Structures are given as C-alpha cells and as structure tokens.
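Working notes, structure below.
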2 protein chains.
Amino acid sequence: MSNTKASPVPKVEPCCPPLTERPLTAEEAERTAAMFKALGDPVRLRLFSLVASHDGGEACVCDISDVGVSQPTVSHHLKKLREAGLLTSERRGTWVYYRVDPSVLAALGRSLVSAET
Amino acid sequence: MSNTKASPVPKVEPCCPPLTERPLTAEEAERTAAMFKALGDPVRLRLFSLVASHDGGEACVCDISDVGVSQPTVSHHLKKLREAGLLTSERRGTWVYYRVDPSVLAALGRSLVSAET
DNA sequence: CCCTTATGTTGACACATGTCGAATCAACCG
DNA sequence: CGGTTGATTCGACATGTGTCAACATAAGGG
C-alpha cells in the first residue's frame with residue numbers, strides 16, 4: 001500500500017544468508033537446513049530436478065512419477081518439497097502440476113557460492 | 001601416468017550437475033543428495049558456517065564447539081561433514097583444524113543457481 | 001612417568017523418515 | 001449415475017539418524 005515505489009527491499013532475506021561470511025544463528029540454521037534437508041534425499045532431488053528442468057518450469061505428477069518408488073511415495077516426497085517452500089502445486093482439471101520457486105532456489109544457491117566473490 | 005601434461009580436466013564434474021537443465025540420473029541424485037543431506041541438519045549447518053566463515057577458512061574444534069550439543073555430538077557431525085566431502089581435517093599438535101573445500105562448495109551452489117543464466 | 005586437556009570412537013536409545021498397501025478424494029467420461 | 005484414472009491421505013513397518021554417557025586415544029606439562 002505505502003511502498004509501491006521502487007523500495008530497495010530493506011532486509012527481506014528470502015530464506016538463506018550466506019554460509020561463508022558469518023556464522024549462522026541457530027534460527028537461521030534451522031530454516032536453511034530445512035531446505036537442504038528437503039533436497040537431501042535422492043528421490044526428492046530427482047523429482048525436484050524433473051520439475052525444474054521440465055518445459056515451462058512445471059510438470060504434471062504423471063510426468064515425473066517414474067523414479068522407482070510407488071506413487072504414494074512420490075506424492076509424499078512432493079509434499080515434503082512443497083512444505084519446504086521449494087515447490088508449489090496447482091490442480092488444473094484432472095492433473096496436478098508442480099513448479100519450482102525460482103527465487104528461493106536462487107537464494108539457496110547464492111548462500112553457497114557467495115564465497116567466491 | 002600418461003596424462004601428466006596440462007590436461008584441461010575434460011569432464012571432471014566435481015560433484016553436482018545443474019538441477020534445472022536436465023533431470024538428474026539416479027546415480028547423480030544419489031551423490032548430490034548426500035551433500036545436501038549433510039547440510040540438512042541445523043547443528044551441522046552451523047558448524048559448517050562456523051568453519052567457513054572463520055579466519056583463513058579453517059577453525060579449531062575448540063573454537064566451534066559451542067552449538068548447544070555435547071562435544072561427542074559435535075565430533076560426530078564434523079565427521080559426517082568430512083565424509084560428505086565438505087570439510088577436511090588436520091591435526092596440528094594438540095588441536096584439530098577443519099577447513100572447507102571451496103571448489104566442492106561452489107560446485108554445489110552452482111547446481112542451484114544455474115537456473116538464472 | 002602420571003595427569004590434565006583436547007578429540008574421537010563406541011554402544012545404546014528415542015525419535016524421525018522412507019517406503020508400501022489400502023483406503024479415500026477429485027475430476028473426467030460413457 | 002457408475003466407472004475409470006489420477007493423486008493424496010492413512011496406517012503400519014523397517015531403517016536411519018541425532019543424541020548422549022562412557023570409554024579410548026593423542027598430545028603436552030608437571
């Protein structure tokens with residue numbers, strides 16, 4: 001309402017401060033670790049990669065269900081990724097589509113590469 | 001040793017292919033997830049951040065043992081980080097020093113940020 | 001030498017997590 | 001409607017994981 005102009009986004013910090021510049025606080029570590037944890041399972045990482053690399057950055061569950069586990073398990077992992085803030089889901093008719101949140105992903109990555117400034 | 005000359009390191013791929021350009025194979029996901037998993041615990045992430053942000057990129061265990069868990073637990077987590085290839089350790093006299101592997105860290109980060117090319 | 005300090009290892013245990021089959025909910029189609 | 005297919009939820013189980021106390025190892029100092 002008030003700051004509709006080009007506000008410099010004072011201290012939003014979408015998710016993850018850089019790991020290499022100062023020690024993380026307990027709270028920061030808690031939030032950031034939750035995201036790394038979500039990517040720390042092979043099946044979830046494949047699912048995430050399948051969604052992220054799909055055309056338009058989104059994919060139907062039916063397109064990515066072939067990762068070697070049962071379909072309930074796929075759904076379970078997608079839910080975890082959604083709860084971690086890495087994916088969003090939307091139902092369009094019969095199918096449910098998942099897509100990545102690019103900003104969160106980029107911020108997470110930047111928390112790692114910021115070392116080589 | 002045949003290739004002692006200045007080989008351009010053909011396709012080493014230190015650890016982690018980009019997640020957003022093509023679906024990861026099961027094997028790639030396995031290896032990459034292992035690193036994310038190592039960073040997926042709050043205590044480990046704090047320990048890692050403490051080492052990474054310390055002067056000279058290395059820290060004595062005695063400097064980073066104050067993260068709210070017992071000392072054996074700290075040692076246990078440092079071992080996990082070492083096994084994941086994120087930290088290396090070296091004993092110099094009485095104290096053991098841990099330091100980060102910058103190349104692995106950067107490669108991991110790049111696997112996330114490569115989306116915004 | 002023994003003793004103190006600094007780290008790492010072992011064993012045990014509570015708890016979280018990945019997995020599946022069965023049941024359930026949602027949308028489309030004859 | 002009833003039926004079919006897609007997707008999630010539920011209940012259960014085996015396995016993995018974080019944690020600590022106790023013990024072991026390493027280095028240095030009296």
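A quick note: this is a predicted structure, and the numbers were derived from the prediction, not measured. Sequence lines set the chain letters: A, B, ... in the order given, protein chains first and strands last, and positions in each chain run from 1.
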Stepwise side chain to side chain contact (heavy atoms under 4.5 Å, CB included) check, A:Val43 with A:Thr73:
CA-CA 9 Å; A:Val43 174; A:Thr73 302; 5.5 Å; no

So the contacted stretch of DNA chain C, first to last nucleotide with an atom under 4.0 Å from a non-hydrogen atom of chain B, runs from C:dA6 to C:dT9

Using a 4.0 Å heavy-atom cut-off across all strands, classify A:Arg44 as base, sugar-phosphate, or nothing.
sugar-phosphate

Minimal heavy-atom distance between A:Val113 and B:Ala106, with the atoms involved, is CG1-O, 3.6 Å

Hey, does the side chain of A:Lys79 come within less than 4.0 Å of D:dT9's phosphate (OP1/OP2), counting only N and O?
yes

With a non-hydrogen cut-off below 4.0 angstrom, is A:Thr94 in contact with a base, only sugar-phosphate, or nothing?
sugar-phosphate

To the nearest 0.5 Å, what is the distance between CG on A:Leu105 and CZ on A:Arg110?
9.5 Å

Using a 4.0 Å heavy-atom cut-off, does B:Tyr98 contact any base of the nucleic acid, only the sugar-phosphate backbone, or nothing at all?
sugar-phosphate

From CG of B:Asp41 over to P of D:dT17, roughly how many Å is that when rounded to an integer?
11 Å

Just checking B:Val43: base, sugar-phosphate only, or nothing, at a heavy-atom cut-off of under 4.0 Å?
sugar-phosphate

Hey, could you give me the CD/CZ distance between B:Glu90 and B:Arg99, rounded to the nearest 0.5 Å?
8.0 Å

Nearest 0.5 Å, please: how far is CD in B:Glu58 from CG in B:Asp63?
10.0 Å

Between B:Lys80 and D:dG18, does any side-chain N or O lie under 4.0 Å from OP1 or OP2?
yes

Within this structure, what is the CZ-to-C1' distance between A:Arg91 and D:dT8, rounded to whole angstrom?
9 Å

Check the distance between D:dT17's C1' and A:Phe36's CZ and give it to me in whole angstrom.
19 Å

Quick one: do B:Trp95 and B:Tyr98 end up in the same hydrophobic cluster if we chain Ile, Leu, Val, Met, Phe, Trp and Tyr together by side-chain heavy atoms under 4.5 Å apart?
no

Just the table, please: protein N/O against nucleotides 20-23 of chain D N/O, every pair under 3.5 Å.
unit_1	atom_1	unit_2	atom_2	d
D:dC20	OP2	B:Ser70	N	2.8
D:dC20	OP2	B:Ser70	OG	2.9
D:dC20	OP2	B:Thr73	OG1	2.7

Taking CH2 from B:Trp95 and C1' from D:dA27, how many angstroms apart are they, rounded to a whole number?
10 Å

Full working for side chain to side chain contact (heavy atoms under 4.5 Å, CB included) between B:Leu47 and B:Leu87
CA-CA 10 Å; B:Leu47 288 171; B:Leu87 292 182; over 6 Å; no

B:Tyr97 six-ring centre to B:Arg92 NZ/CZ under 6.0 Å and within 45° of normal
yes

Mind checking the OG-CZ spacing from B:Ser89 to B:Arg82? Nearest 0.5 Å is all I need.
4.0 Å

For B:Arg82, answer base if it contacts any base atom (sugar-phosphate contacts may also be present), sugar-phosphate if it contacts only those atoms, and nothing otherwise; contact means non-hydrogen atoms under 4.0 Å.
nothing

Expressed as a whole number of angstroms, how long is the span from A:Asp63:CG to D:dG6:C1'?
12 Å

